[in-house]
Amino acid sequence: MAPDGLEKEKLGRLLKCVSCGKCLVECPVYSATKETRHLPLPKSRLFRHIFERTRGKVARLKGVQPIEEYVFKRAVPTLYECTLCGSCTEQCKFEVKPHELWYDFRHVMNALNKIPPALKEAREAIKNDYNPYGMNNETRMDWVDYLGLEEAPVKEKAKIAYFVGCTESFKSVAQDMAYSTALILNSLKLDWTFLGVEQWCCGGPSLMIGDVGTAKKLAEHNVNLIESRNVEVLVVTCATCYRFIKREYEELIGRKPKFKVMHGVELVLKLVEEGKIKLKQEGEVIGYHDPCELARLGGVIEEPRKILMQLSTNYVELGGDPGKGTCCGGGGFLQATNNEVRLKVAQVRVGQAKQRGVEVLVSACPSCKMSLIDGKREAGLNLQVKDIMELLAEKLNLI
Amino acid sequence: MTEEFQPLIIGFLCRWCASAAADLAGTTRIQYPPTLRPIRVNCSGSVDPIYVLRAFLEGADGVLIGACHPGDCHYINGNLKVRRRVAIIKEVMEALGLEKERLMLEWISTSEAVKFAETVKRFTEKLKKMGPSPLKKSEGDAD
Amino acid sequence: MLIKTITKTVILKSRGSLTETINSFLYLLLEKNALKWLLAPVKDESGLVHPELLSREDDISRINTIAPLIPGENMGTTVSLLTRESPLKEKLGVILRPCESKALVELAKYRQISTENLYVIGVECYGTYHVLKYREMLEEGSNPSEEMLKFFLDRGGDGGFRSSCLVCLTPKPPYSDVNICYLTSWSAGEVVLEIKTDRGLELVKKLGYEAKRKATEGLLREILEERRKEREKFFADAKKELNGVDKLNEFFEECIGCHNCMEVCPICFCKECFFDSERYPYVTRKYLKWRLPEGTVLLPNSKLQFHIGRTIHMGFSCIHCGLCEQACPKEIPLYKFFGLTAERVQKLFNYHPGENLDEKPPIQEFREEEFQEVVG
């Protein structure tokens, strides 16, 4: 019964929490629902309860104790109705790093096979089909035909490879992002390639579900595939893929991958600065929504803003410091666990944009785009939601 | 166009006594003000402080708890329990400056239809003098 | 509530620092097998203390009993976690400050703690700091324990203690087997162990200590008088600040409804709480449908219902530890509210929470002839 895969250091952090409550203030899910089960601290209390009974004080004093069923019943909604946005970690003053603990907690729950049914499906889908949507992975590149992309190179060797995330490949709302990115890469006559149907899911979703084994397998496969094509720069447009490949792969596969990871915006900004792309300013009111995985957790904050300021004379911040905005609700498999909650969170974010008079709400992640569109529809607000790559392709007259 | 203020009273009436007394008052046509909204409870001892508080916050001007006389409780001592609880609520209300007179506990047995009507009348008069409950005000003030 | 006459005491001579002297006693407890386990506040590398379970005497040096801090959880809650389901089979000593021992007593009354094989070693406490303030002090390089002792000797001002500590009337744990006292005696280089029970006497005899009768010191009595006045003033001010609906709404304006004050409250031990249930947010939900999508807004109503409802439910057992205030992320001075209401209710029943295991909580008993004035 004892949860395995928990490192001592992490549990030490769990016990360091002093319940000061600072993490509660900015929680996007709680601000949207005002239901206490969505707060960070109830999660850590449940996690502590499980830990104390299996390895901590209670276990030492009385032997390992079974975990009561009510704990699991409560843990499922608290733990999984969370977007893993990391704002709790941002607020924490005591180095507890709560959101990393939620990953570990999910790992424990997965080991005990107590995860919600929707996540079980996704877990099996990733394991068998190498993408969380349960689609046949052979159809990963079918969007190229649907959208009529004329030039879609899949080369044996190339300097740049474009890692098309599962959402961009399989979800029609997000396919435009991959299309636009391909058009931009093509227009610049760069030596680039798709990874094709051999590419697997980045492994981020597996980690969110807590299936570390599968995440490792996926990471190893992808790294080998990318390295075998002599790739120097890996371009991604999904914030989740970006963070996992850049920050987690090293730990997962036990060595540093030989390629550099760049988000689409980083690449475009580099090319703009080198003078290879010319942007011209227009007057629309543009607001940028920071994907949590890219900004708060990935550290890419200034780049998209620099691009957008060159695209519009009316760039506005959505409130708060850059990189510290509210989550859109699209993270952490919230859509699969409880879509209603996700829509509430998304509506808050879209509402914030509308309040500041934003006409085009831009993001840099397919989940954010989907969430913001759903939130806008739910709230009945009139504003455009676009991915930054789409916006760029439009402004460069490629679409 | 000054209409006289009609208080709203939420009554938690024990089914073994006060509620039956209310029925008796009805069948014997004893008149009492139409300010009471009776809620029948199985025992006055089952009235949680939250019910009382919630009634006030949702707009009641007064809350009446009708219980059996000491010693008559169908469940032996529910009425004594609620008396302690009422004492606690009243003390907290007083500490917070919330007019504890708006909460009333009265012993009313099955046959005391007249006492029941009198109690409602008395309570209504008292609340009329006190005016609308200030706790009502916070309802809907959502800025 | 004045200090009772102490029957027996043991004097510990200085072994260097104050913690070292106290720890020499704790060391013997484990070494002589008087106890199998110790639950004690242990210092971590950042200087904060956390409750840990120790069984080896080598670990004793990490204990810091005098650190003026309650980190996140009242230790009474920790003991409840350990003994709630079944009594202990091996002897466990817990080191508790006064409000923690009071929490233990209250929880034991509600059968959340089994006192079998449980030895309570109380520690004198003059006051504790807010955890954020404690951390600030560490970052500034000052030693909170020393600051606390310095403030005890100098007095004047509030020393930066938490508000509940400034009006605390129990610097010594009222319920314990042995009390570790150092406040008045340490200036003479001594730590005094007050033996409160026969079990405590047995414990120190096992360690080879000799217990002697000794009279009480007068200094604490002075402090108590000062604090009693402070307390009256504090609650009188609180009453003025919280008088009426408008003032209450203003007081709770910043509240985000996170219920953290409830989560850390040692008395709020229920596993299922009405305020976390589906039924509770009704007041909020009713209006939610009318609102623009800017997020859910908590109505003043909802906040009042939670706080007043909670204080009615647990106020009579409130042990005035003030953790609610420390846990409030919006830094609302919650102790004013909970302390005031709890004090009133406790006075009404002449109930002294946490002092005596045999004193029943007001809602566990009732008499036929009482509170005639609330009827009618």
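The sequence lines fix the lettering, A, B, ..., with proteins before strands; numbering per chain opens at 1.
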A.B. asks: Could you tell me whether C:Glu52 and A:Arg60 have a side-chain N and a carboxylate O separated by less than 4.0 Å?
C.D. replies: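 No salt bridge links C:Glu52 with A:Arg60.
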A.B. asks: Check whether C:Ser46 gets within reach of chain A through its side chain, its backbone, both or neither, counting any heavy atom under 4.5 Å.
C.D. replies: neither
A.B. asks: Can you tell me which portion of A:Glu95 sits under 4.5 Å from chain C's heavy atoms? Options are side chain, backbone, both or neither.
C.D. replies: side chain
A.B. asks: Are any of the side-chain heavy atoms of A:Lys57 and C:Leu81 separated by less than 4.5 Å?
C.D. replies: no
A.B. asks: Relative to chain C, which segment of A:Glu26 carries a heavy atom at a distance below 4.5 Å: side chain, backbone, both, or neither?
C.D. replies: neither
A.B. asks: Are side-chain heavy atoms of C:Glu85 and A:Arg53 found at a separation under 4.5 Å?
C.D. replies: yes
A.B. asks: Let me know if C:Leu92 has heavy atoms under 4.5 Å from chain A in its side chain, its backbone, both or neither.
C.D. replies: side chain
A.B. asks: Tell me, for C:Cys328 versus chain A, whether the close heavy atoms (under 4.5 Å) come from the side chain, the backbone, both or neither.
C.D. replies: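 Just its backbone gets close to chain A.
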A.B. asks: Rounded at 0.5 Å granularity, tell me how far OH in A:Tyr70 sits from CD in C:Glu272.
C.D. replies: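 The OH atom of A:Tyr70 sits 8.5 Å away from the CD atom of C:Glu272.
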A.B. asks: Which heavy atom of C:His50 sits nearest to which heavy atom of A:Leu15, and what is that distance?
C.D. replies: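 Looking at all heavy atoms of both residues, the shortest contact is ND1-O, 3.4 Å.
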A.B. asks: Nearest 0.5 Å, what's the NE2-OG1 distance between C:His259 and A:Thr36?
C.D. replies: 5.5 Å
A.B. asks: More than 12 foreign heavy atoms under 6.0 Å from CD of C:Glu139: is that the case here?
C.D. replies: yes
A.B. asks: Do C:Glu73 and A:Arg45 meet the salt-bridge criterion of a basic N to acidic O distance under 4.0 Å?
C.D. replies: no
A.B. asks: Using non-hydrogen atoms only, which part of C:Lys271 is less than 4.5 Å away from chain A: side chain, backbone, both, or neither?
C.D. replies: both
A.B. asks: Evaluate whether atom CD of C:Glu253 has more than 12 neighbouring non-hydrogen atoms of other residues, nucleotides or ligands under 6.0 angstrom away.
C.D. replies: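 Open: at most 12 neighbouring heavy atoms sit under 6.0 Å from CD of C:Glu253.
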A.B. asks: What residue in A:His38, A:His49, A:Arg74, A:Arg37 has the most heavy-atom pairs under 4.5 Å with chain C?
C.D. replies: A:Arg74
A.B. asks: For the pair C:Arg84 and A:Glu52, find out whether any cationic side-chain nitrogen is under 4.0 Å from an anionic carboxylate oxygen.
C.D. replies: no
A.B. asks: Between atom CD of C:Glu90 and atom NZ of A:Lys62, what is the distance when rounded to the nearest 0.5 Å?
C.D. replies: 11.0 Å
A.B. asks: Tell me, for C:Ile70 versus chain A, whether the close heavy atoms (under 4.5 Å) come from the side chain, the backbone, both or neither.
C.D. replies: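 Neither part.
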A.B. asks: What distance do A:Lys16 atom NZ and C:Leu48 atom CG have between them, rounded to the nearest 0.5 Å?
C.D. replies: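 With rounding to 0.5 Å, NZ (A:Lys16) is 8.5 Å from CG (C:Leu48).
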A.B. asks: Once rounded to the nearest 0.5 Å, what's the spacing between atom OG of C:Ser302 and atom NZ of A:Lys34?
C.D. replies: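 Taking OG in C:Ser302 and NZ in A:Lys34, the distance rounds to 10.0 Å.
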A.B. asks: Count the heavy atoms belonging to other residues, nucleotides or ligands that lie under 6.0 Å from CG of C:Asp58, then report whether that count exceeds 12.
C.D. replies: yes
A.B. asks: If you count heavy-atom pairs under 4.5 Å between each of A:Leu61, A:Leu24, A:Leu41 and chain C, which one has the most?
C.D. replies: A:Leu61
A.B. asks: Give the member of C:Glu331, C:Glu263, C:Gln326 that has the highest number of heavy-atom pairs under 4.5 Å with chain A.
C.D. replies: C:Glu263
A.B. asks: To check you understand the geometry: which heavy-atom pair defines the closest contact between C:Val264 and A:Ser19, and what is its length?
C.D. replies: CG1-CB, 3.7 Å
A.B. asks: Of all the heavy-atom pairs spanning A:Gly21 and C:Pro329, show the shortest one and how long it is.
C.D. replies: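 The pair with the smallest heavy-atom distance is O-CB, 3.0 Å.
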A.B. asks: Would you say that more than 12 heavy atoms from the other residues, nucleotides or ligands in this model lie under 6.0 Å from the NZ of C:Lys43, or not?
C.D. replies: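 No, the 6.0 Å shell around NZ holds no more than 12 heavy atoms from other groups.
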A.B. asks: State the CZ-CG distance between A:Phe94 and C:Leu132, to the nearest 0.5 angstrom.
C.D. replies: 5.0 Å
